[in-house]
S.K.: 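Dropping the structure in here first, questions after.
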Amino acid sequence: LLQEYIVPDLANIRDVAVDKNGHIIITDLNYKWYVTLDQEGIQVDAGGEDFGWNGPRELAIHPITRDLYILDETDEYSRIRVYSLETNTLIRDIPLETTGLQMHKGLAFDPQGFLYTADQLQEAILKIDPETGEVIDYLGYELMSKASPSDLAIDQNGLIYILLNASPDDSAVYILNPQGSLIHQLGELTYDGSNWQEGVFFFPVSISVTPDGKYL
């Protein structure tokens, strides 16, 4: 353990991301905002507004513009809210076609600045233009129709790492190339806690990858 960071009292943290300057951004379900910490863990900023009762959730930082993208879903709507980290103002909302609570899992950018999320109803990984909100591609149809994703991450080579809480072959992670083809599988799943040893996961919820793809 290298360092621990203090968060606001009564915070209920949903997700965490780090920008190129080393600032740590967290989403908080209790206060309905996001908080920015510096490298020492001191709160230096906060923002966000009008999130649903189950938001804000997953977040991702655009690798080029440094804008903050946050998933916000209730029973009535699904959207991605875009904020400027410089001014903490809302830039725009990206409405998602599939609506409903927990319909999307994970947010991640590829090196070119395209945004990805797993759509559970359409059973695919969506590749989204972050400026227009247009869905450019649907990846992994065959894989996602038989598996249940929890989260996703992308490395600097554009490889997509999909964390699963259920899969037909009990794999814990599917690794896809940028075109959406399965190239590797990692780990195993247990559904009742038995054989819960190193490399075996019991309903995993979140994944992150180092840029070089060496560590998950």
S.K.: Test side-chain hydrogen bond (donor to acceptor under 3.5 Å, both in side chains) on Q179 and S181 and set out the steps.
M.R.: CA-CA 6 Å; Q179 292 73 44; S181 298; over 6 Å; no
S.K.: For residues Y174 and P168, report the shortest heavy-atom separation together with the two atoms involved.
M.R.: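 Closest pair (atom of Y174, atom of P168, distance): OH-CD, 3.8 Å.
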S.K.: Are E58 and K105 close enough for a salt bridge, meaning some N to O gap below 4.0 Å?
M.R.: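 Here E58 does not pair with K105 in a salt bridge, since their nearest N and O are not under 4.0 Å apart.
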S.K.: Would you please say whether a donor-acceptor pair under 3.5 Å links the side chains of E86 and S84?
M.R.: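 Short answer, no.
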S.K.: Is the backbone of P95 close enough, under 3.5 Å, to the side chain of Y77 for a donor and an acceptor to pair up by distance?
M.R.: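 Absent.
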S.K.: Check the hydrophobic clustering (I, L, V, M, F, W, Y; side-chain heavy atoms under 4.5 Å; chains of links allowed) and say if I175 and V209 are grouped together.
M.R.: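 Same hydrophobic cluster.
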S.K.: Do you know which two heavy atoms are closest between P130 and F109, and how far apart they sit?
M.R.: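 Closest approach of P130 to F109, heavy atoms only: CB-CE2, 4.0 Å.
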S.K.: Sub-3.5 Å donor-acceptor pair from the side chain of D28 to the main-chain atoms of W33, do we have one?
M.R.: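 Here the side-chain-to-backbone pair does not exist.
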S.K.: Does Q43 reach the main-chain N or O of I6 with its side chain, forming a donor-acceptor pair under 3.5 Å?
M.R.: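 Here the side-chain-to-backbone pair does not exist.
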S.K.: Verify whether one side chain among D15 and T27 offers a donor that lies under 3.5 Å from an acceptor in the other.
M.R.: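 No, no side-chain donor-acceptor pair sits under 3.5 Å.
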S.K.: After noting the C-alpha distance and the side-chain angles of V135 and D119, does the key distance pass the side-chain contact (heavy atoms from CB on, under 4.5 Å) rule?
M.R.: CA-CA 11 Å; V135 177; D119 187 316; over 6 Å; no
S.K.: Taking the six-membered ring of F51, is the NZ or CZ of K32 close enough (under 6.0 Å from the centre) and on axis enough (within 45°)?
M.R.: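 No cation-pi geometry.
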S.K.: Under 3.5 Å, side chain of Q120 to main-chain N/O of Q102, donor-acceptor pair present?
M.R.: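 Yes.
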S.K.: Check the pair L85 / Y34 against side-chain contact (heavy atoms from CB on, under 4.5 Å), numbers first and verdict last.
M.R.: CA-CA 10 Å; L85 278 176; Y34 63 84; 3.9 Å; yes
S.K.: Is it the case that the side chain of N157 and the backbone of L159 share a donor-acceptor pair, with hydrogens and angles ignored and the cut-off at 3.5 Å?
M.R.: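 Here the side-chain-to-backbone pair does not exist.
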S.K.: Supply the atom-to-atom distance E188 CD to D169 CG, rounded to the nearest 0.5 angstrom.
M.R.: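 Result: 9.5 Å between the selected atoms.
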S.K.: How long is the straight-line distance from CD1 of I24 back to CD of Q3, given to the nearest 0.5 Å?
M.R.: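 So the CD of Q3 and the CD1 of I24 are separated by 7.0 Å.
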S.K.: Taking it one step at a time, do I128 and L96 satisfy side-chain contact (heavy atoms from CB on, under 4.5 Å)?
M.R.: CA-CA 10 Å; I128 301 171; L96 298 170; 4.1 Å; yes
S.K.: Parallel, tilted or perpendicular, judged at 30° and 60°: which one describes the rings of F202 and W196?
M.R.: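 Perpendicular.
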S.K.: Before giving the answer on side-chain contact (heavy atoms from CB on, under 4.5 Å), spell out for I94 and Y69 the whole-Å C-alpha distance, their side-chain angles and the decisive distance to 0.1 Å.
M.R.: CA-CA 9 Å; I94 299 174; Y69 289 68; 4.0 Å; yes
S.K.: Distance check, rounded to the nearest 0.5 Å: I26 atom CD1 versus L37 atom CG?
M.R.: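 Result: 5.5 Å between the selected atoms.
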S.K.: Hey, is the main chain of H23 close enough, under 3.5 Å, to the side chain of N21 for a donor-acceptor pair?
M.R.: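 A pair under 3.5 Å: no.
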S.K.: Enter the distance from H104:NE2 to T117:OG1 here, rounded to the nearest 0.5 Å.
M.R.: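 Separation between the atoms: 5.5 Å.
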S.K.: Donor-acceptor pair, distance only, cut-off 3.5 Å: does the side chain of D151 make one with the backbone of I207?
M.R.: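 Yes; at least one donor-acceptor contact below 3.5 Å.
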S.K.: Please check: side-chain N/O of Y31 versus main-chain N/O of D9, any donor-acceptor pairing under 3.5 Å?
M.R.: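 Checking the backbone N and O of D9 against the side chain of Y31, a donor-acceptor pair under 3.5 Å is found.
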S.K.: Going by distance alone, is a donor N or O of one side chain under 3.5 Å from an acceptor N or O of the other, for T190 and N195?
M.R.: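 Their side chains do not contain a donor-acceptor pair, so the 3.5 Å distance test is not met.
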S.K.: Report yes or no: does R66 contribute a side-chain atom to a donor-acceptor pair with the main-chain N or O of K20 at less than 3.5 Å?
M.R.: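 Looks like no, no N/O pair under 3.5 Å.
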S.K.: Ignoring hydrogens and geometry, is there a side-chain-to-backbone donor-acceptor pair from Q122 to T98 under 3.5 Å?
M.R.: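 No, the answer is negative, given that no donor and acceptor are paired below the 3.5 Å cut-off.
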S.K.: Drop me the distance from L189's CG to F203's CZ, to the nearest 0.5 angstrom.
M.R.: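 If I round to the nearest 0.5 Å, the distance is 8.5 Å.
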S.K.: With under 30° as parallel and over 60° as perpendicular, where do the rings of Y141 and Y138 fit, or are they tilted in between?
M.R.: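 Correct class here is parallel.
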S.K.: Quick one: do V7 and V35 end up in the same hydrophobic cluster if we chain Ile, Leu, Val, Met, Phe, Trp and Tyr together by side-chain heavy atoms under 4.5 Å apart?
M.R.: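 Yes.
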S.K.: Rounded at 0.5 Å granularity, tell me how far OG in S171 sits from CG in L143.
M.R.: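 So the gap between those two atoms works out to 10.0 Å.
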